Asker: 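The following block contains the structure, expressed as structure tokens.
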Number of protein chains: 2
Amino acid sequence: MATGRTHRPATRSRGIPEATVARLPLYLRALTALSERSVPTVSSEELAAAAGVNSAKLRKDFSYLGSYGTRGVGYDVEYLVYQISRELGLTQDWPVVIVGIGNLGAALANYGGFASRGFRVAALIDADPGMAGKPVAGIPVQHTDELEKIIQDDGVSIGVIATPAGAAQQVCDRLVAAGVTSILNFAPTVLNVPEGVDVRKVDLSIELQILAFHEQRKAGEEAGAGADGAVPPVAARKQPHSTDQGPDGDVPAVMPA
Amino acid sequence: MATGRTHRPATRSRGIPEATVARLPLYLRALTALSERSVPTVSSEELAAAAGVNSAKLRKDFSYLGSYGTRGVGYDVEYLVYQISRELGLTQDWPVVIVGIGNLGAALANYGGFASRGFRVAALIDADPGMAGKPVAGIPVQHTDELEKIIQDDGVSIGVIATPAGAAQQVCDRLVAAGVTSILNFAPTVLNVPEGVDVRKVDLSIELQILAFHEQRKAGEEAGAGADGAVPPVAARKQPHSTDQGPDGDVPAVMPA
DNA sequence: CCATCTTTGTGCACGCGTTCACAAAGACAT
DNA sequence: ATGTCTTTGTGAACGCGTGCACAAAGATGG
């Protein structure tokens, strides 16, 4: 899920399927844990269990990277950690800017997982002048005016948007104009970006709604399909539905963001 | 993607494909925006543009819900908002507990998107006794000891885990034992859950790593495959690779095929 | 009532991703 | 060396998701 521009043939470039790329970080995490415990080698079965996937899938995934295993033995942990890191581009470190230092932005800035794996918080940016200079996670917040300068000076190519939905597209446009080509979007909006820019989104309420769907399904299965007393739709606009199946009714209980 | 237990045949229940379910919240958001502007009807083309998807895909998605459109006209906005809300189970509201009130947990508690769309924060829970009673987002934090009682009293079926990775599995086990059947996991760990429990994960560093991969690919495409001076791996464990195909240190070729 | 025009709903084909199942490859013991 | 045993790497089949392209449905105007 989640690349904004799904139009591209995706993995046309150089073999590795998108689905595999999405799992590599998972394998890497499991391997790193093994490495810390000084485990020398691991079989596809063990590693798959640790990563929560099927072992056949894991082997096929690795086969796209090359033949890094040894039959009858398994995979060399250290070697594989390096190979995957390199494939993911984690041998260099990536400066990242976080825009929007509210609750979420601050949480992200404090998140340890950044620095540990090839990512470095190059700057924290917020539109509120009152925030300027105030340190968050040891880094002073800078004003939006500085955005372009920071990106160009530090060669930032990855931006994280943690602003309110209303500001997201505008921030996105400025990031892209300044040279950012990869964006991680936490704002609940669809971002419009030009060709060549990758967008991934993380959306809280979408995840919750998907869970709610399954939850409802579970609940509805055991209970017989009783006529649930759901109020019929408002049908405020009756026009297209001349054949109104619901006479009265009132507003759906859903509200905006 | 990202349901922990992918084993289930997924959509076996009642038609609606998983991929479609994942997009419904997107449509709902776009429709809600239209509703606020009092737009009466919308065509699949317009709505698809607003949601950032293909119009054919949108129509097919809606076809799984039923025939709610009117040919030659489009879809009734209010009606569709209601239908999707009902399908997603948002006409009832879901009590949610958030476990782990650190930076991220606090951010989640403050996130407006929760309350607005059928979700209600039933409780904030943290293991630190010092946090107990302290209000976050207007809700007093409660100690982990209360977890089981809260879940049972409020009939909570959805839990959000925002703890450090080390505590996540343990918290998860307690949530499940107490009756939670859907979990949204922000901790960077694979959660093990019994059959029937849904897990969705949101993982920062994985998203960033995927972006890094594509970023590296973009950079590597324009620049010719110059011998990048990447330091070869430690290769601490040489054993399994006794048959070194290279005279010197095994240089990882940038790409297999 | 008929013709035309718009937009939905869907049959169909295609490609990606997943899984099975097995042959090949190497380790290890004798 | 040779045989056995373990585990990888992958060919092939299958199913899901996507997008095209078009017929059917209804609106609208004469």
Side-chain angles (χ1 to χ4, degrees), chain A residues 1-3 5-13 15-24 27 40-49 51-76 79-80 237-243, chain B residues 1-3 5-13 15-24 27 40-49 51-76 79-80 237-245 256-257:
Chain A
M1 122 193 76
T3 306
R5 288 288 65 132
T6 323
H7 297 328
R8 184 186 336 158
T11 52
R12 105 188 179 309
S13 69
I16 307 185
E18 190 60 28
T20 295
V21 172
R23 281 188 293 268
L24 290 182
Y27 302 144
T41 61
V42 63
S43 71
S44 64
E45 202 69 49
E46 293 168 314
L47 185 54
V53 303
N54 182 300
S55 72
K57 192 186 296 187
L58 178 142
R59 286 199 300 276
K60 179 145 291 199
D61 282 341
F62 285 174
S63 78
Y64 292 116
L65 307 183
S67 288
Y68 294 146
T70 305
R71 298 175 189 226
V73 175
Y75 298 91
D76 180 279
Y79 188 67
L80 204 45
R237 291 279 144 195
K238 312 275 311 180
Q239 291 179 4
H241 291 286
S242 50
T243 58
Chain B
M1 100 193 71
T3 305
R5 290 288 63 134
T6 324
H7 296 330
R8 183 183 338 157
T11 54
R12 108 187 177 306
S13 71
I16 307 185
E18 190 59 28
T20 295
V21 172
R23 280 187 295 267
L24 290 182
Y27 301 145
T41 61
V42 63
S43 72
S44 64
E45 202 68 50
E46 294 168 316
L47 185 54
V53 303
N54 182 299
S55 72
K57 192 186 297 185
L58 178 143
R59 287 198 300 276
K60 180 148 293 194
D61 282 342
F62 285 174
S63 78
Y64 292 115
L65 306 183
S67 287
Y68 294 147
T70 304
R71 296 176 190 224
V73 175
Y75 299 90
D76 180 280
Y79 188 68
L80 204 45
R237 294 275 146 197
K238 305 273 320 176
Q239 289 179 5
H241 293 285
S242 53
T243 58
D244 49 359
Q245 58 268 50

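By convention in this document, chain letters (A, B, ...) are assigned in the order of the sequence lines, proteins followed by strands, and residues within each chain are numbered from 1. From a predicted model like this one, the values you see are computed outputs, not experimental measurements.
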Asker: Taking all non-hydrogen atoms of both residues into account, name the closest pair between A:Ile16 and A:Val21 and its distance.
Answerer: CG2-CG2, 3.4 Å
Asker: Restricting to non-hydrogen atoms, name the atom on B:Asp76 and the atom on B:Thr41 that form the minimum distance, rounded to 0.1 Å.
Answerer: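 Taking every non-hydrogen atom into account, CA-CG2, 4.2 Å.
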Asker: Please report the interatomic distance CZ(B:Arg59) to OG(B:Ser43), rounded to the nearest 0.5 Å.
Answerer: 9.0 Å
Asker: I need the B:Glu45 CD to B:Asn54 CG distance, nearest 0.5 Å.
Answerer: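 Reported to 0.5 Å precision, the distance equals 8.0 Å.
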Asker: Sort out for me which residue in B:Tyr68, B:Tyr27, B:Phe62 forms a ring pair (Phe, Tyr, Trp, His ring centres under 6.0 Å) with B:Tyr75.
Answerer: B:Phe62
Asker: Between atom CD in B:Glu18 and atom C1' in C:dC16, what is the gap in whole Å?
Answerer: 18 Å
Asker: How large an angle, rounded to 10°, do the end axes of the helix from C:dC1-D:dG30 to C:dT30-D:dA1 enclose when each is built from five base pairs?
Answerer: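 Computed angle between terminal axes is 10°.
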Asker: Can you confirm whether B:Leu65 sits close enough to B:Leu24 that some side-chain heavy atom of one is under 4.5 Å from a side-chain heavy atom of the other?
Answerer: yes
Asker: Which heavy atom of A:Ala48 sits nearest a heavy atom of A:Ser55, and at what distance?
Answerer: CB-CA, 3.5 Å
Asker: Produce a footprint string for nucleotides 4-12 of chain C: one letter per nucleotide, 5' end first; B if the base is under 4.0 Å from any protein heavy atom, S if only the sugar-phosphate is, - if neither.
Answerer: --BBBBBBB
Asker: Rounded off to whole Å, could you give me the CG-to-P distance for the A:Leu58 and C:dC20 pair?
Answerer: 14 Å
Asker: Send over the distance from A:Asp61 CG to D:dG9 P, rounded to a whole Å.
Answerer: 12 Å
